[in-house]
Number of protein chains: 2
Amino acid sequence: MTHSAKSTVNEDPQKPEVDDVLSELDISSADRILIYLAVNAMKLGGHRYGAFVEAATTAAKLAVYTSYLEHGNNVRKTSLIHHVEPKRVRAIIKEVQDVLEDGKSLTTLSDQEPYYLSGLPYLWQEKYTWQPGEPRLNRSELTPGEQQDLEEKLPESYPPACVLDLFQFLDLIKLLHTKSQEDFPPRQRMALSDALTEHIKFRLLHSGTVVRMDTPSLSIPLFALARTHYAPKGERERVFTMIDDVARFFRLMQDWTQEQEGVMRALEVFDVDSDRRVEALQELDQLLQNWADKYHRDGGYPMLLQLAAGTRQPQDGQ
Amino acid sequence: MTHSAKSTVNEDPQKPEVDDVLSELDISSADRILIYLAVNAMKLGGHRYGAFVEAATTAAKLAVYTSYLEHGNNVRKTSLIHHVEPKRVRAIIKEVQDVLEDGKSLTTLSDQEPYYLSGLPYLWQEKYTWQPGEPRLNRSELTPGEQQDLEEKLPESYPPACVLDLFQFLDLIKLLHTKSQEDFPPRQRMALSDALTEHIKFRLLHSGTVVRMDTPSLSIPLFALARTHYAPKGERERVFTMIDDVARFFRLMQDWTQEQEGVMRALEVFDVDSDRRVEALQELDQLLQNWADKYHRDGGYPMLLQLAAGTRQPQDGQ
DNA sequence: CTCAGCGGGAGGTCCCCTCAC
DNA sequence: GTGAGGGGACCTCCCGCTGAG
């Protein structure tokens with residue numbers, strides 16, 4: 001719970017800190033959504049700071065582009081509406097149109113995790129496959145005994161992949177970065193600098209996806225692949241689900257603001273006996289399913305329902 | 001309703017365009033959330049393009065700041081995690097801490113609409129109050145007959161405020177902009193340039209908050225306040241509610257990803273008979289209320305439920 | 001290894017101006 | 001009014017380097 005400078009380090013609790021800061025700042029709802037997104041993308045998803053900012057400006061560019069279409073392709077009007085220079089508006093329009101024509105990937109948060117992180121376990125296992133029974137590493141500089149010692153340190157649970165030395169590991173990162181840049185137009189590509197390489201290496205080690213091995217008798221460090229995914233399976237799935245749910249919920253609410261037919265929004269604020277919380281939620285779950293079953297008819301009008309229920313916080317207001 | 005430019009124009013439908021573009025681009029959920037936010041803030045809320053981008057970078061800065069706290073105030077580690085220069089990390093930390101200490105407003109989407117737009121009707125009515133029975137405008141350059149003609153053009157429904165000439169109108173914008181900048185530290189303040197003034201004037205006229213009057217016999221244009229709010233009341237309220245709901249939903253889902261006790265998430269995908277849609281939703285509404293009433297007990301554990309239900313779209317997946 | 005400084009380049013956000021249709 | 005160009009200021013995000021504890 002506590003954290004503090006210098007001396008103690010606090011690795012595990014992530015959210016509490018965020019909520020603490022948020023509660024002290026009285027922030028608007030729109031800003032809060034941005035912050036939740038940023039935290040998820042940058043801390044859990046592993047996106048770079050710059051990548052998030054770029055994705056946000058991309059979203060803003062799309063807003064400009066749609067305004068442009070809605071106002072009869074009038075550059076000047078679009079410029080006035082959003083307070084963007086006509087010259088810049090033209091550049092934005094062109095950028096978006098080029099992407100639409102080529103079907104290239106425009107935006108920068110294209111996946112929950114950046115490819116150079118999430119793709120690594122796959123590429124590693126593919127390029128350096130390990131067959132059970134064979135040695136995971138084979139280095140002429142080591143005596144057979146030293147090799148065996150190292151092998152025995154490796155947990156059985158590690159994915160079937162060989163142990164690499166630093167250069168092989170860095171090459172892998174380089175390869176992945178190159179592949180991840182292929183989708184982008186040449187102009188937007190980012191060179192793989194030393195700083196970026198270090199960043200990627202750090203995230204892979206820090207997350208436990210890759211583990212560094214002690215090799216006192218070797219001058220070059222060795223690395224082992226410890227997980228098949230960048231993020232732990234459970235967490236990863238849940239964060240994915242959350243973002244999908246929020247996006248769907250957002251879209252439904254947009255329909256609601258337009259007062260479309262057959263769209264409903266509900267907010268329930270209430271208190272329950274502490275020992276009946278779980279019971280209440282279980283009953284709600286059952287109610288919803290029964291309700292959906294009751295009205296379901298194959299091939300009918302497509303419907304969607306998104307719900308979240310839990311502990312109310314002061315920031316929630318009302 | 002109509003206006004025109006060149007050939008075809010398309011003023012009314014706003015969302016359809018956005019959805020069209022979105023559906024062609026197959027965009028990730030995180031990006032979709034950003035886009036929804038950008039569209040709402042920039043097109044409906046009237047925020048500037050730059051304001052949205054700044055708000056997003058502010059969110060990213062907060063993410064960096066919390067990382068910094070969670071890693072024992074280690075600048076270098078934070079730098080590696082997010083791929084931000086140590087120098088820049090330090091600047092970000094300082095910026096956030098200064099804000100936390102002074103309680104100043106950090107972020108830029110502090111309200112749904114920017115103050116220089118939403119505050120105008122109030123200031124206008126306050127500075128140029130109009131008493132029924134008195135003339136709305138009094139200009140010595142006009143004959144009594146001409147004044148009367150203009151007065152008669154004004155709908156009764158207009159708020160009780162006098163008609164202003166261009167200079168008075170621009171002064172009002174200037175005053176509002178100055179007031180809206182007071183909360184910001186001097187460094188971040190933006191000068192009221194001609195371009196910005198034109199942007200604000202355009203938005204006020206374009207939204208119908210202010211209406212320009214034809215004055216053939218006068219060399220200076222006249223303006224009348226036509227609405228008491230920047231956005232139409234209903235729409236305004238609904239957009240507010242939507243953003244609040246999404247923020248609350250997002251927070252609940254974060255609790256869910258952490259597998260907290262007593263948090264529930266539900267997604268129902270189903271089809272119904274077209275003619276039973278409304279009936280189904282009404283019943284659902286009733287079910288929820290009954291359920292909440294059943295478990296409610298004053299002073300108990302604080303609970304919150306957010307729900308949205310409506311038409312399923314292809315983009316929704318599953 | 002961490003902290004600290006200073007150098008640079010590219011690109012984006014702002015500002016203002018003119019000229020042709 | 002709109003389109004299309006010119007200029008310049010400032011900041012931010014990237015990169016690289018060196019030196020002090």
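Naming convention: chains lettered A, B, ... in sequence-line order (proteins, then strands); numbering from 1 in each chain. Just so it is clear, the structure is predicted and the values come from calculations on it, not from any experiment.
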Flag for His71(B)-Thr78(B): side-chain donor and acceptor within less than 3.5 Å = no
His71(B) atom NE2 is separated from dT2(C) atom P, nearest whole Å, by 14 Å
- Phe169(A) vs Phe223(A) aromatic rings, parallel, tilted or perpendicular, using cut-offs 30° and 60°? tilted
Of all heavy-atom pairs linking Leu170(B) and Thr197(B), the shortest is CD2-CG2, 3.8 Å
Of Arg90(A) and Thr57(B), the one whose closest nucleotide on DNA chain D sits nearer the 5' end is Arg90(A)
Rounded to whole Å, CZ of Arg88(A) lies from P of dC11(D) at a distance of 19 Å
Margin query: Using side-chain heavy atoms (C-beta onward) and a distance below 4.5 Å, is Tyr158(B) in contact with Pro155(B)?
Written below: yes
Can you find a side chain N or O atom of His83(A) that sits less than 4.0 Å from OP1 or OP2 on dC15(C)? yes
Whole-Å distance, Arg76(A) CZ to dG3(D) P, equals 8 Å
Rounded to whole Å, NE2 of His82(B) lies from P of dC14(D) at a distance of 13 Å
Atom CD of Glu198(A) and atom C1' of dG16(D) are separated, to the nearest Å, by 13 Å
Subject >> Under 3.5 Å side-chain donor-acceptor pair for Lys77(A) and Ser67(A) >> reply: no
Rounded to whole Å, the CE-P distance (Met42(B) to dT13(C)) equals 10 Å
Evaluate the criterion ring-ring contact (aromatic ring centres under 6.0 Å, His included) for residue pair His83(B) and His47(A); output intermediate values, then yes/no.
CA-CA 9 Å; His83(B) 191 225; His47(A) 283 286; over 10 Å; no
Next on the checklist: For a quick test of reading the model: is some side-chain N or O of Asn74(A) closer than 4.0 Å to OP1 or OP2 of dG1(D)?
Outcome noted: no
With sequence neighbours left out, the residues meeting ring-ring contact (aromatic ring centres under 6.0 Å, His included) with Tyr115(A) are none
Here the distance between atom C1' of dG12(C) and atom CZ of Phe52(B), to the nearest Å, is 16 Å
To the nearest angstrom, the CG-P distance between Asn73(A) and dG3(D) comes to 9 Å
Per-nucleotide protein contact along nucleotides 16-21 of chain C, 5' to 3', at a 4.0 Å heavy-atom cut-off (B base, S sugar-phosphate only, - neither), is B-----
Per nearest nucleotide of DNA chain C, the residue lying toward the 5' end, Gly50(B) or Val75(B), is Val75(B)
